[in-house]
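As structure tokens, the structure follows; a few thoughts come after it.
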There are 2 protein chains.
Amino acid sequence: MNDSPRRKELTRLAAQLFVQEGFDRTTVRMLAQEMGIKSGSLFHHFRDKQEILAVVIEEGTQNALALARQALERSDPEPLARLHALARAHLETLLTDRNAHVVALYEWRRLDVEAREHLTHLRDAYEQLWNEVIDDAITAGLVKGERALVARFVLGALNWTVRWYDPDGARQPEQLADELVTMITQRS
Amino acid sequence: MNDSPRRKELTRLAAQLFVQEGFDRTTVRMLAQEMGIKSGSLFHHFRDKQEILAVVIEEGTQNALALARQALERSDPEPLARLHALARAHLETLLTDRNAHVVALYEWRRLDVEAREHLTHLRDAYEQLWNEVIDDAITAGLVKGERALVARFVLGALNWTVRWYDPDGARQPEQLADELVTMITQRS
DNA sequence: ATCAAAACCAAGCAAGCGCTAGTGTAACTG
DNA sequence: CAGTTACACTAGCGCTTGCTTGGTTTTGAT
């Protein structure tokens, strides 16, 4: 189908409900009510319930990928600066576009096979950015460890923030990113 | 209810199904079939479906807590040794008792209020162990950062392993734990 | 003013859901 | 041996689910 503005808005609402209730417990009737239409009308915008999930996750991932690339382009080419930039970009999308990413993290397994394959490619592209940046950081002696493991540990630490981060708290996403980089980099 | 050996076995099977299908998509009929009984008989062992989830998570958490305490008791009292010991214990339970922990991580929100409160206390007790160990590591100058943030980053990195770790791969859980500790500790 | 496309609605189907009621039976317990 | 308990069964109730159908209204370009 298309990507009309109406559909964008519906997707945003769906993401919110999926976070609140979980994908399986969110009924098409709940979705429709939140959108101010009847449950039957929902299938004019989306082929089926699964597609809504796929669209929510796709949009979040595309967004993250775009922001990460932008951040790297604008960054100082020094390995440490790039590491900071990518970590900040990651946390910023994660915590502002939070709903979509929580859904991506928690409901990934509910995607059907085709959607999962498509989105896996997107996610791989995103992780490739991390691999490069971390490779450089290790080569420069900033970080100790194997690339593959470091990347996974770092992404784990960052993604885990959606579980405890309080947006109303005093701390900004950037500060979190800097703290993480501090933790894993060696004193020069 | 009790904690008969039969119930233990049923719990183990339930955990496996919950991981495969997710809690909501796992029907009582599926559970019963996997257990070799009819769906009605299931409610002789568990009050309702929710209770099965609670029991699965409780058992996993109790196990992790016991193992962590044991590991700390046996460990050399040096901060670095304790950090290693706790990380190893964490990954060992996480990856051997994997099903229960995946359920705990993914289906926590499906718990009803009472169960969630009870299990939150258990989890807090577990995290308290981490807080102490990390506090000592920071004081000893092994790790840079704030205690609260370091603990959350480390737990995130460790828990994330359930998403990518391949038990048939060459790497042992202990090695992973050591790699993580290497990454976050400062060269002496 | 016209008319196609887009958006919506009322009604409901077929399937599946968690759970209950009532019964049978074999194994323990006094 | 009578009584109790543990465990399983059959049958199905009441309800919700995702989705379809067939038709109506709204919108916007010409």
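Scope of the values below: all heavy atoms of this structure, side chains included, with no hydrogens, waters or symmetry mates. Per chain, numbering begins at 1; letters A, B, ... match sequence-line order.
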TODO: May I ask you to say whether B/D178 pairs ionically with B/R88, meaning some side-chain N is under 4.0 Å from a carboxylate O?
DONE: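 B/R88 and B/D178: salt-bridged.
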- [ ] Would you please test A/E127 and A/R152 for salt bridge (Lys or Arg N to Asp or Glu O under 4.0 Å) and show each step?
- [x] CA-CA 9 Å; A/E127 289 182 0; A/R152 281 163 169 162; over 6 Å; no
Task: Any side-chain heavy-atom pair of B/F153 and A/I184 under 4.5 Å - done: no
TODO: Side-chain contact test, heavy atoms from C-beta onward, threshold under 4.5 Å: evaluate it for B/E59 versus B/R12 and give yes or no.
DONE: no
Closest to side chain of [X], choosing from [options]:
{"X": "A/F43", "options": "D/dT20, C/dA7, C/dT20", "answer": "D/dT20"}
{"X": "A/K38", "options": "C/dC9, D/dT10, C/dC8", "answer": "C/dC9"}
{"X": "B/S41", "options": "D/dC9, D/dC7, C/dC19", "answer": "D/dC9"}
{"X": "A/K49", "options": "D/dT10, D/dG18, C/dT20", "answer": "D/dG18"}

Over how many whole Å does the gap from [X] atom [atom1] to [N] atom [atom2] extend?
{"X": "B/F46", "N": "C/dT20", "atom1": "CZ", "atom2": "P", "value": "15 Å"}
{"X": "B/E21", "N": "C/dG16", "atom1": "CD", "atom2": "P", "value": "14 Å"}
{"X": "A/I37", "N": "D/dT26", "atom1": "CD1", "atom2": "P", "value": "16 Å"}
{"X": "B/Q33", "N": "D/dT10", "atom1": "CD", "atom2": "P", "value": "13 Å"}
{"X": "A/F23", "N": "D/dT17", "atom1": "CZ", "atom2": "C1'", "value": "12 Å"}
{"X": "B/L42", "N": "D/dC9", "atom1": "CG", "atom2": "P", "value": "11 Å"}
{"X": "B/R7", "N": "D/dA6", "atom1": "CZ", "atom2": "P", "value": "13 Å"}
{"X": "B/H45", "N": "D/dC9", "atom1": "NE2", "atom2": "C1'", "value": "12 Å"}

Open item on the list: Tell me whether the side-chain N/O atoms of B/H44 come closer than 4.0 Å to OP1 or OP2 in D/dA8.
Closed with: no
TODO: Going by the salt bridge (charged side-chain N to carboxylate O under 4.0 Å, His left out) test, name the single residue among B/R109, B/R25, B/R110 that passes it with A/D24.
DONE: B/R25
Open item on the list: Reading DNA chain D from 5' onward, which residue's closest nucleotide shows up sooner: B/R29 or B/R6?
Closed with: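 Final value for this comparison: B/R6.
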Open item on the list: Which is more 5' along DNA chain D, the nucleotide nearest A/G40 or the one nearest A/T27? Just name the residue.
Closed with: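 Looking at the nearest nucleotide for each, A/T27 comes out on the 5' side.
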